[in-house]
Amino acid sequence: MKKISGKLVYFFGALGGLLFGYDTGVISGAILFIETDMKLTPFAQGIVVSAILFGAIMGAAMIGYFADRFGRKKMVLISAFIFAAGAIASALSPNAEILIFSRIILGVAVGGASALVPLYLAEMAPAKSRGTLSTLNQLMITVGILSAYIVNLIFADAGLWQVMLGFAAIPAIILFFGTLLLPESPRWLVCKGNADEAFNILKLLGNARGAKKEISEIKAACAKDSAGFSELFARWVRPALIVGVGLAIFQQLIGCNTVIYYAPTIFASVGLGNSSAILSTVGIGVVNVLVTIIALIIMDKFDRKKMLITGSIGMTLSLLTLGVFSNGASSAYLVLAACAAYIVFFALTWGPIMWIMIGEVFPLKIRGIGVGVSSVANWTANLGVALMFPWLLSKIGSQIFIIFAAMAVLSILFVKFKVIETRGRSLESIEKSLRTASSKK
Ligand code: BGC
């Protein structure tokens, strides 16, 4: 086994998140130029933006099975290869059809990475730092989005959308070679009967003393791992399923990606030129990264439910401001400020917490399937919103933000009545209270 430091394991382990962020964020700026070059209707524009999400649904649905069968590391390598190939193919697309096809293929890697990264990190991380490490995934996503915005800005004057899309091949190649150095997940190795190698990896990650105990715990967990998909719908698991899928869907229905993907379009509609619209978008990306760093620091200090509700209230107010003021005649600065406030509340709360909590709420033996199903729900809702947004914007204008505000209000009720608190509790205690609650009914 090659020697690699723990920090590098977490860095390369989370790097897939950066590609997820870059590939989904880059389209926001590129679409302004693709639209003109390929003469796209608003609907076709929606399809080009959303193609990656179609692929992501497929990728997220398939990855759990393949990762269990062939290992996490091989799947990250394959995703990195698809990331690189998809980026190059998108950049070279001569027409909308090939572009859409390439972006769907790229999406398979994005969806795969969205489930693989939290899975791999959780399996590598010591239990006590799992929360922070999960937020590391979100940090990579936001850095990826920001990098995309910056690349867009650099190539905006020349209108070179091909470079914007193709640039993603660089981190994809770094991911591929970085992953070659990564150890396989010890959990997967133990389940495949390779406890010796797993032991060495745990030692390498700094857990020399507890490694033996951890291996026997993993062995016990593997023994329980035989439950299938149907267990997800068992009565006692249902509250967890509702939390996982509900959070995943609401994260999208509150409209986060209308700001992330369409910020330049929104800014252009209140009178900013294409380049300054993209520049303001970079500002949004910076706020997203900086606030995610704060989220990483405070994540284990405040209850998740309280944070989610605070986030929803802040986003409701920002969305109402956007709904009332983002029509052509309004002040561009007010719209910018409302978008920034929205991102602050999202990045601090719903951005990271959704991905953290889908990893926490499911019982161990169906955790992989649960995360996969929640992730598919997230991408499907993401697709629905992205597909409808340009069309609805052209029909009802800025009132669309009022609809998202209503969703944000509903999300408060959902969190208050359906979500269970997970902060500071061991995964076993969460699992135990699911069982106890169902036996009381
Ligand atoms: C969401 C993405 C979103 C990103 C923005 C993630 O948590 O799942 O849909 O684009 O945050 O930072």
Side-chain angles (χ1 to χ4, degrees), residues 14 16-29 49-50 52-57 59-60 106-107 110-118 121 131 134-149 244-264 281-296 299 304 307-308 311-312 315 318 339-359 371-372 374-387 389 404 407 411:
L18 189 131
L19 269 302
F20 160 174
Y22 187 96
D23 284 322
T24 52
V26 70
I27 202 70
S28 68
V49 173
S50 320
I52 200 159
L53 307 175
F54 277 109
I57 295 171
L106 196 55
V110 170
S114 77
L116 266 178
V117 173
L121 288 178
S134 302
T135 309
L136 193 65
N137 170 41
Q138 177 72 11
L139 185 61
M140 282 286 189
I141 297 173
T142 58
V143 169
I145 294 173
L146 177 61
S147 319
Y149 287 170
V245 171
L247 285 178
I249 292 179
F250 269 117
Q251 194 208 38
Q252 297 301 322
L253 292 190
I254 51 183
C256 62
N257 285 313
T258 58
V259 177
I260 302 281
Y261 301 167
Y262 287 103
T281 308
V282 174
I284 294 287
V286 171
V287 173
N288 200 6
V289 172
L290 293 180
V291 178
T292 305
I293 295 174
I294 299 174
L296 193 124
M299 193 49 72
R304 313 240 195 280
M307 286 180 74
L308 287 170
S312 294
M315 286 187 287
S318 321
C339 281
Y342 177 91
I343 288 296
V344 167
F345 285 107
F346 177 79
L348 212 50
T349 62
W350 281 82
I353 295 176
M354 186 289 285
W355 293 108
I356 294 176
M357 286 193 78
I358 63 173
V371 174
S374 307
S375 180
V376 168
N378 185 264
W379 288 111
T380 309
N382 191 335
L383 173 68
V385 174
L387 214 50
F389 183 72
F404 293 133
M407 294 297 162
S411 75

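As the structure lists them, so they are numbered: ligands from 1, and atoms in each ligand from 1.
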**Message:** Test of understanding: given a 4.0 Å heavy-atom threshold, classify the contact between Asn382 and ligand 1 as side chain, backbone, both, or neither.
**Reply:**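 Just the side chain.
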**Message:** Is the shortest side-chain heavy-atom distance between Met140 and Val117 below 4.5 Å?
**Reply:**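 Met140 vs Val117: side chains apart.
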**Prompt:** So do the side chains of Ile141 and Asn137 get within less than 4.5 Å of each other, counting heavy atoms only?
**Reply:**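 Touching, per the 4.5 Å side-chain cut-off.
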Show me which atoms of ligand 1 lie under 4.0 Å from any heavy atom of [X].
X      : value
Ile145 : 5 (C), 12 (O)
Gly351 : 7 (O)
Thr142 : 12 (O)
Gln251 : 1 (C), 6 (C), 7 (O), 8 (O)

**Asked** Of Leu383, Val376, Asn378, which is the lone residue that meets side chain to side chain contact (heavy atoms under 4.5 Å, CB included) with Thr380?
**Response**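 Going through the options one by one, the only one that passes is Val376.
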**Prompt:** Under the side-chain contact (heavy atoms from CB on, under 4.5 Å) test, which residues partner Phe404, sequence neighbours left out?
**Reply:**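 So Phe404 forms a side-chain contact (heavy atoms from CB on, under 4.5 Å) with Thr258, Leu319, Val385, Phe389, Ile400, Phe401.
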**Aromatic ring pairing Trp355/Phe20, orientation class (parallel under 30°, perpendicular over 60°, tilted between)** =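 Plane angle over 60°, so perpendicular.
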**Trp350 and Ser312: side chain donor to acceptor below 3.5 Å** =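 The answer is yes; a qualifying pair exists.
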**Prompt:** Looking at ligand 1, does Phe346 have a heavy atom less than 4.0 Å from it?
**Reply:**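 A heavy atom of Phe346 does come that close to ligand 1.
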**Asked** Can a non-hydrogen atom of Thr24 be found less than 4.0 Å from any atom of ligand 1?
**Response**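 No heavy atom of Thr24 comes that close to ligand 1.
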